[in-house]
Amino acid sequence: MNKDLPIFDGHNDALQSIFLPKNGKPRPFFKRTDQGHTDLPRMREGGYAGGFFAVFVPSGTPDDGFPGADPETGKAAYELPLPPAIDPVHALPVTINGVASLFRLEAQSQGQIKIIRTVDELIHSLQNQIIALVLHFEGAEAIDPELNALHVFYQAGLRSLGLAWSRPNVFAHGVPFRFPHSPDTGPGLSEAGRELVKTCNQLGIMVDLAHINAKGFWDTAEITAAPLVVTHAGVHALCPSTRNLTDKQLDAVGDSGGVLGINFHVGFLREDGLLKADTPVSQIVRHIDYVAQRIGIEHVALGSDVEGAIIPLELGDAAGMPKRIKCMRDKGYDNEALRKVTHENWVRVLGKTWK
Ligand SMILES: [Zn+2]
């Protein structure tokens with residue numbers, strides 16, 4: 001592990017797949033296994049220093065996955081239906097369960113993992129090889145329109161909130177998974193959604209625009225006092241998925257001093273949108289290059305989506321992270337640039353966002 005380049009990651013679904021698996025028993029986290037992408041030994045080996053750990057309320061609809069190639073074009077062509085809104089009465093206990101799992105993980109870790117609430121805690125953790133965990137909600141279903149739950153979860157440690165996952169809620173509308181398609185798929189923020197953004201600004205909770213549709217993105221850009229952040233997505237010009245950002249959106253992220261964490265999910269990286277695990281790591285770097293050239297290296301970071309995505313086989317798991325750093329080095333990124341992409345950009349943006 002390179003101590004100079006700790007990787008702070010914009011998104012993982014470790015909580016989902018390790019502690020709250022859809023099928024079967026929870027996986028061990030403190031012992032090395034070959035299941036999924038992460039456990040503590042593999043994180044340490046790959047220099048995975050922490051990141052945004054998502055609490056997510058599953059939709060409960062069958063997961064059909066992404067259809068394959070169109071026989072004529074050889075490219076992906078799909079329009080998955082938007083799952084219905086989740087009942088907040090159901091979302092709240094699931095979310096409390098997720099938050100409690102992370103507290104238990106921290107307690108069991110004997111100081112190896114810390115739920116961080118300030119930038120000073122983040123920097124201290126990065127410098128001392130303590131895994132820095134940011135409590136993040138992927139979708140605001142557990143938050144009531146009066147925002148009472150937001151204040152309670154803030155006190156519990158919530159520091160990052162995705163306004164929507166890929167479904168509607170009372171605040172915002174997420175994008176359906178479509179390819180090829182623009183992210184402009186529906187209405188923008190509701191009045192409650194605008195209040196949510198402003199209250200997050202006041203409290204110092206980062207607003208995450210991953211999964212939100214274009215109108216919701218622009219509504220947020222208009223009212224937020226914080227840099228625009230998209231924790232895990234890619235470049236629409238390189239892979240025309242609804243989950244990726246258009247050039248105009250990238251420019252807005254750059255102008256606001258914000259950051260985009262590049263998603264490692266192969267379906268959001270490849271030009272053909274296909275779910276092929278044999279996609280090379282260089283596809284991730286292609287998206288990093290594009291963002292760095294268009295809006296600057298200060299505005300691109302990593303949002304691997306490990307445990308929630310099909311990542312390049314070449315990378316394998318959290319232990320394979322150095323392969324991506326090597327690929328960037330081979331393309332001419334120096335240590336200064338690598339520090340920005342691996343962690344410094346996140347530290348800067350959180351410093352401007354958190355209180
Ligand atoms: Zn996601």
Side-chain angles (χ1 to χ4, degrees), residues 8-22 36-38 51-61 63-66 78 80-83 85-86 91 94-95 98 102 133-143 158-169 171-179 181 183 185-186 206-214 216-217 220 228-236 239 241-245 249 253 259-270 273 275 284 287 301-312 318 346:
F8 188 76
D9 187 19
H11 191 83
N12 75 61
D13 283 317
L15 177 66
Q16 279 304 309
S17 57
I18 297 177
F19 308 108
L20 310 167
K22 262 190 276 181
H37 302 136
T38 53
F52 296 79
F53 281 59
V55 173
F56 173 68
V57 183
S59 264
T61 45
D63 183 5
D64 296 330
F66 297 81
Y78 54 84
L80 300 193
L82 204 56
I86 295 261
V94 174
T95 299
L102 291 177
L133 192 159
V134 175
L135 179 55
H136 166 75
F137 289 178
E138 188 167 24
E141 281 84 357
I143 311 293
L158 182 70
R159 291 295 180 273
S160 172
L161 175 67
L163 297 181
W165 186 68
S166 284
R167 64 191 170 211
N169 63 40
F171 305 106
H173 293 252
V175 287
F177 296 103
R178 289 186 186 162
F179 185 99
H181 204 284
T185 59
M206 192 189 90
V207 171
D208 176 17
L209 297 171
H211 287 274
I212 203 167
N213 65 19
F217 177 99
T220 307
L228 298 177
V229 176
V230 184
T231 56
H232 60 303
V235 173
H236 197 271
C239 171
S241 157
T242 45
R243 279 282 286 107
N244 288 342
L245 300 189
Q249 288 178 306
V253 169
V259 72
L260 163 64
I262 298 295
N263 197 325
F264 295 5
H265 178 63
V266 295
F268 304 149
L269 292 172
R270 299 171 61 96
L275 283 193
I284 299 170
H287 285 250
L302 307 171
S304 75
D305 211 355
V306 287
E307 300 288 355
I310 299 174
I311 70 171
W346 280 122

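All values below were derived from every heavy atom in this structure, side-chain atoms included, with hydrogens, water molecules and symmetry-related copies excluded. All ligand and atom numbering here is 1-based and tracks the order in the structure.
Going from atom CG of Leu80 over to atom OG of Ser166 covers 9.5 Å, rounded to the nearest 0.5 Å. Residue Glu307 holds its CD atom at 3.5 Å from OG1 of Thr38, rounded to the nearest 0.5 Å.
Take the Zn ion (ligand 1) and draw a sphere of radius 2.8 Å; the protein N/O/S atoms inside it number 3.
When the salt bridge (Lys or Arg N to Asp or Glu O under 4.0 Å) test is applied to Arg243, no partner is found at least two apart in sequence or on another chain.
A parallel orientation is assigned to the rings of Phe268 and Phe177, their planes being inclined by less than 30° (bins at 30° and 60°).
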Practice task
Could you please spell out the steps behind the ring pair (Phe, Tyr, Trp, His ring centres under 6.0 Å) verdict for His265 and His232?
Solution key: CA-CA 9 Å; His265 178 63; His232 60 303; over 10 Å; no
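Of the N and O atoms on the side chains of Ser241 and Arg178, not one donor lies less than 3.5 Å from an acceptor on the other residue.
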